[in-house]
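None of these values were measured; they are calculated from a predicted model. FYI, side chains are in, hydrogens and waters are out, and symmetry mates aren't considered; it's all heavy atoms of this structure.
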Amino acid sequence: MATSSILTGQFVHIEQTPASIGERLMAQLIDWTVQAVYLSGMIYLEANYLTKLFAASSDLEVLFIFLVVIFPTLFYGLLCELFFGGQTVGKRLLKMRVVKTDGSTPGIGAYLMRWMFMLIDGPTMSGLGVLVMVFNKSNQRIGDLAAGTLVVKEKSYRKLQVSLDEFEPFSRNYRPAYPAAENLSLEQVSLIDQTLSLKDDDPRIHALARQVRQTLDIAHAHETDDKAFLWHIKRDYQYYALEEL
């Protein structure tokens, strides 16, 4: 299985290897077993002991059955992933977890989307999710594709701080000339980097330099050359990014 490498906006590398189809199926079988054991146990408890306890109030018994028996069983996957960092019992035992495709932690919306699509991905639709995983290089089921998530192996999910070797070396006495460069987004810096690869007389260099000055409210630049100005902005951004690591 190929390992994907991601560079985040904070210049942190995230390496992750998608869990195999076999591992995901095994984790799902474990989770179904946990659900079945819990449900069977609660039904036995309710039938043999709690019926007498709730004899005076059938409404209370119905509420108990819904909140303690049906609700945890039905929402098992959603609740586990939401409260245990993308892991169910099966995923934890097999050392896997759910993450966003960019390496970040999913939100409640992503977890909810994955849970809803289990109706399609699971046995009710003849395991359609497995078929989709077979033809997906990241082994994502339909719910993963819809939620922008994937299941990765924990041992390969690593965050590696970027070393100074990945940038042009900074001298010890380097001082940024444009503090406002810290407020740029990774996409904006990427655009600057792409523009710097253009020929010196390309009008897009001058247009972008004007836009950067306007966006960062830089009234007077230290450089008269627009390309040199953009290069300095990029270097200052890198300086502040490395300070945060």
Side-chain angles (χ1 to χ4, degrees), residues 1-4 6 8 14-47 50 61-159:
M1 184 68 66
T3 299
S4 62
I6 299 168
T8 71
I14 294 177
E15 292 185 357
Q16 53 194 14
T17 301
S20 68
I21 297 177
E23 289 170 324
R24 294 195 60 173
L25 289 176
M26 181 61 68
Q28 187 63 67
L29 287 175
I30 293 174
D31 289 331
W32 282 338
T33 301
V34 170
Q35 290 173 275
V37 170
Y38 176 82
L39 184 60
S40 299
M42 293 308 299
I43 291 176
Y44 176 84
L45 182 65
E46 197 277 333
L50 299 181
E61 183 177 6
V62 171
L63 181 62
F64 174 84
I65 292 174
F66 177 77
L67 292 180
V68 182
V69 181
I70 299 177
F71 186 84
T73 305
L74 183 61
F75 293 93
Y76 165 83
L78 174 62
L79 294 173
C80 284
E81 291 178 356
L82 184 59
F83 291 107
F84 300 117
Q87 289 185 308
T88 59
V89 174
K91 291 184 179 69
R92 187 174 183 84
L93 289 176
L94 294 181
K95 303 185 183 305
M96 306 184 303
R97 74 171 58 247
V98 179
V99 298
K100 295 287 286 183
T101 52
D102 63 0
S104 61
T105 302
I108 185 173
Y111 288 133
L112 181 60
M113 183 71 71
R114 296 184 77 256
W115 175 81
M116 291 173 60
F117 271 88
M118 270 304 295
L119 295 174
I120 299 176
D121 289 325
T124 55
M125 295 289 287
S126 300
L128 183 59
V130 177
L131 181 62
V132 173
M133 284 193 286
V134 170
F135 295 99
N136 188 294
K137 65 179 182 179
S138 296
N139 296 335
Q140 293 169 286
R141 60 179 176 86
I142 299 175
D144 287 318
L145 295 172
T149 60
L150 67 157
V151 179
V152 299
K153 298 179 182 179
E154 273 204 308
K155 63 181 179 181
S156 68
Y157 179 64
R158 301 183 298 151
K159 289 187 177 182

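- Applying the salt bridge (Lys or Arg N to Asp or Glu O under 4.0 Å) test to every pair with at least one member in residues 117-134, sequence neighbours left out, gives these pairs: Asp121-Arg141.
- To the nearest 0.5 angstrom, Leu150 atom CG is 8.0 Å from Arg24 atom CZ.
- Within a 6.0 Å sphere centred on CG of Leu67, heavy atoms belonging to other residues, nucleotides or ligands number more than 12.
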- Message: Could you walk me through whether Glu23 and Asn139 satisfy the side chain to side chain contact (heavy atoms under 4.5 Å, CB included) test, starting with their C-alpha distance in whole Å, then the side-chain angles of each, then the deciding distance to 0.1 Å, before giving a yes or no?
- Response: CA-CA 11 Å; Glu23 289 170 324; Asn139 296 335; over 6 Å; no
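- The CG atom of Leu74 lies 9.0 Å from the CD atom of Gln35; values are rounded to the nearest 0.5 Å.
- Of all heavy-atom pairs spanning Ala27 and Leu94, the tightest one is N-CD1, 3.4 Å.
- Residues Ala110 and Ala147 share a closest heavy-atom pair of O-CB, 3.4 Å.
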- Message: Under the criterion side chain to side chain contact (heavy atoms under 4.5 Å, CB included), I'd like the reasoning laid out for Thr73 against Tyr76: C-alpha separation, chi angles, the key distance, then a yes or no.
- Response: CA-CA 5 Å; Thr73 305; Tyr76 165 83; 5.9 Å; no
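- Atoms CZ and NZ, on Arg97 and Lys153 in that order, are 15.5 Å from each other to the nearest 0.5 Å.
- Between Ser138 and Pro18, the shortest heavy-atom contact is O-CB, 3.4 Å.
- Residues Val62 and Phe66 have side chains not in contact (no heavy-atom distance under 4.5 Å, counting atoms from C-beta outward).
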- Query: Given the rule in the side chain to side chain contact (heavy atoms under 4.5 Å, CB included) test, do Leu145 and Phe117 qualify, once you have shown the distances and angles that lead to the verdict?
  - Reply: CA-CA 10 Å; Leu145 295 172; Phe117 271 88; over 6 Å; no
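- With a 4.5 Å cut-off on side-chain heavy atoms, Met133 and Val151 do not count as touching.
- Taken from CD in Gln87 to NZ in Lys95, the straight-line distance is 9.0 Å, to the nearest 0.5 Å.
- Checked by atom type and distance alone, the side chain of Lys91 never pairs as donor or acceptor with a backbone atom of Val152 at under 3.5 Å.
- With sequence neighbours excluded, the residues forming a side chain to side chain contact (heavy atoms under 4.5 Å, CB included) with Leu78 are Phe75, Tyr111, Leu112, Trp115, listed by chain and number.
- For the atom pair CE (Met26) and CE (Met96), the distance works out to 10.0 Å, reported to the nearest 0.5 Å.
- Atom CZ of Arg114 is separated from atom CD1 of Ile142 by 12.5 Å, given to the nearest 0.5 angstrom.
- Looking at Glu81, its side chain never comes within 3.5 Å of a backbone N or O of Thr88 through a donor-acceptor pair.
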